[in-house]
2 protein chains.
Amino acid sequence: MTEEEFLAAYDPSAFPPVAVTVDVVVLTIRDEQLNVLLVRRGEAPYEGRWALPGGFVRPDEDLAAGAQRELAEETGVGARLRRVHLEQLASYGAPRRDPRMRVVSVAYLAFVPDLPEPAAGTDARESAWVPVAGLGLPDAAGAPGRPVRQRPGATRGLAFDHAQILADGLERARSKLEYTPLATRFVGEEFTIAELRRVYETVWDDSLHAGNFHRKVLSVPGFMESTGVTTDRGGSRGGPRSRLYRAGDARLLHPALLRPSREDSIR
Amino acid sequence: MTEEEFLAAYDPSAFPPVAVTVDVVVLTIRDEQLNVLLVRRGEAPYEGRWALPGGFVRPDEDLAAGAQRELAEETGVGARLRRVHLEQLASYGAPRRDPRMRVVSVAYLAFVPDLPEPAAGTDARESAWVPVAGLGLPDAAGAPGRPVRQRPGATRGLAFDHAQILADGLERARSKLEYTPLATRFVGEEFTIAELRRVYETVWDDSLHAGNFHRKVLSVPGFMESTGVTTDRGGSRGGPRSRLYRAGDARLLHPALLRPSREDSIR
DNA sequence: AAAATAGTGTCTCTCAGACAATATGTC
DNA sequence: GACATATTGTCTGAGAGACACTATTTT
């Protein structure tokens, strides 16, 4: 039996009708704040509400390719620019999460550097970077590991279950900074240790000891790679010029940088 | 516009036809070996080949509920028995992973204790516990973090991309033992520290120092909870009787038990 | 000059891992 | 008795975090 015969013989009504979409949690740091890319919905349901960028998976398109496409459409950044990180987050398929029909959404998580343009969407949709702090999500201090279920109705702002997806993405992001060098994806090609520290402080919503952080990141093999150069000027409010680094070739940090927040017992 | 009007107005042909399935990687330890639950396929494609248990998500069924149902159907274990762990693993949606049509599979990962019955499926399908070691998957020693893509054709045994799903599930399992107390889900309600150590040794495919492991697990707050009791007899080949413990209430291990394998640089 | 910041030094405490030792079982 | 194993003790080195200090640069 050839594939064609299979396709012809297969009864499409034999499986429940489901649509599959890809939604992307795109994070960046703007103005010392963690921001997420949102688009305003132009039609019902949730008309006028903010939502994660996303859409139907196209035929012959891999899930990751769909996420890459959505990311590129909204940010103008080809995700192939290797400075962008894109990973699968999780899938969401509660029966009535979309009132129109059964929709299973495969969510992705992206880290992008601060983009000069304020997200010029190619289509007509209004899109914007929105500070996550203003969205009424559970605190960053929420004990990691404890699943933070979003009460329905909480975080009134976002469409569908996107508040939950965003919350899951944020927790994943916080966790990823611990044991991967992906914090470097939030800054430019060359960066100072202080810039990197501010990434950690912003995502973790916690302050870190500058001296210890400095020694720590330099001691992790493969994390930082020295350029011979320093910045042209010192800090805007004083201080010496700092050395510039590039991301090293490590894929995992060992030993990891653990969040200080963890208030000891994590039950 | 009401929800009803939407449902009526919505054109089902406007979205690409996709089926959504749930596949479950069910792991257990039998006879000192890590085993996965497999079912033999009765129809094409991949007729006669082993596959992960799974099936279409039913209407009105949440993804997790579908995974729970598949798990219960194949093992007879109601996943509500809180000793079973079930978590979402990842989704797989390469365009031609199923030759019949576009199928997106949401994979789940389950840890179950050694089940007395050898997996009596409720339906006609043949099912069995299969040691993962015999499946020709990449080594446990494979550097974590480095994505191990399965070459097509490798691991000839499993249907579809299930070899890849299984490999991802195994890596997730190894990682989970590091920072969660989920190793306890592989043993009985009450267990000795040596039993727990054998779980780690089996999943990590590495040997651990008995004395250090002993002190370590007892020092992690919330990991172990003492019953006042000891085993009736010593080990089968000698040795004193050992104390019995129950799982504590910790959700995360802090500090974590790190795999010894990590050959230093993880690039 | 005053203030801010980069980078380094030092000390303490925790913890992982290498042994070693002892007690208690089984064969 | 020979041997295996549970449990505890001890020591060493790595590493995290607190604190202090110096040099450099901006306002």
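Naming convention: chains lettered A, B, ... in sequence-line order (proteins, then strands); numbering from 1 in each chain.
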Is [X] near enough to [N] that one of its side-chain N or O atoms lies under 4.0 angstrom from OP1 or OP2?
X	N	answer
A:Arg233	D:dT27	yes
A:Arg197	C:dA6	yes
B:His214	D:dA6	no
A:Arg241	D:dT24	no
B:Arg243	C:dT24	no
B:Arg237	C:dG25	no

*Compare the minimum distances between each of C:dG9, D:dG9, C:dA16 and the side chain of B:Asn212, then state the nucleotide with the smallest one.*
D:dG9
*Of the nucleotides C:dT24, C:dA6, D:dT7, which one has an atom closest to the side chain of B:Pro240?*
C:dT24
Using a 4.0 Å heavy-atom cut-off, does [X] contact any base of the nucleic acid, only the sugar-phosphate backbone, or nothing at all?
X	result
A:Arg215	base
A:Ser219	nothing
A:Thr192	nothing
B:Gly234	sugar-phosphate
A:Ala210	nothing

_What's the separation between atom CZ in A:Arg197 and atom CG in A:Leu208, rounded to the nearest 0.5 Å?_
7.5 Å
*With a 4.5 Å limit on heavy-atom distance, are the side chains of B:Leu86 and B:Gln68 in contact?*
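With C-beta onward as the side chain, the pair touches.
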*Decide ring-ring contact (aromatic ring centres under 6.0 Å, His included) for A:Tyr200 and A:Phe213; before the verdict, give the C-alpha distance in whole Å, the side-chain angles of both, and the deciding distance to 0.1 Å.*
CA-CA 10 Å; A:Tyr200 275 92; A:Phe213 182 86; 5.5 Å; yes
*Between A:Gly211 and A:Gly235, just flag the one whose closest nucleotide in DNA chain D comes earlier from the 5' side.*
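Residue closer to the 5' terminus by nearest nucleotide: A:Gly211.
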*asked:* Under 4.0 Å between a side-chain nitrogen and a carboxylate oxygen: does that hold for B:Glu195 and B:Arg243?
replied: no
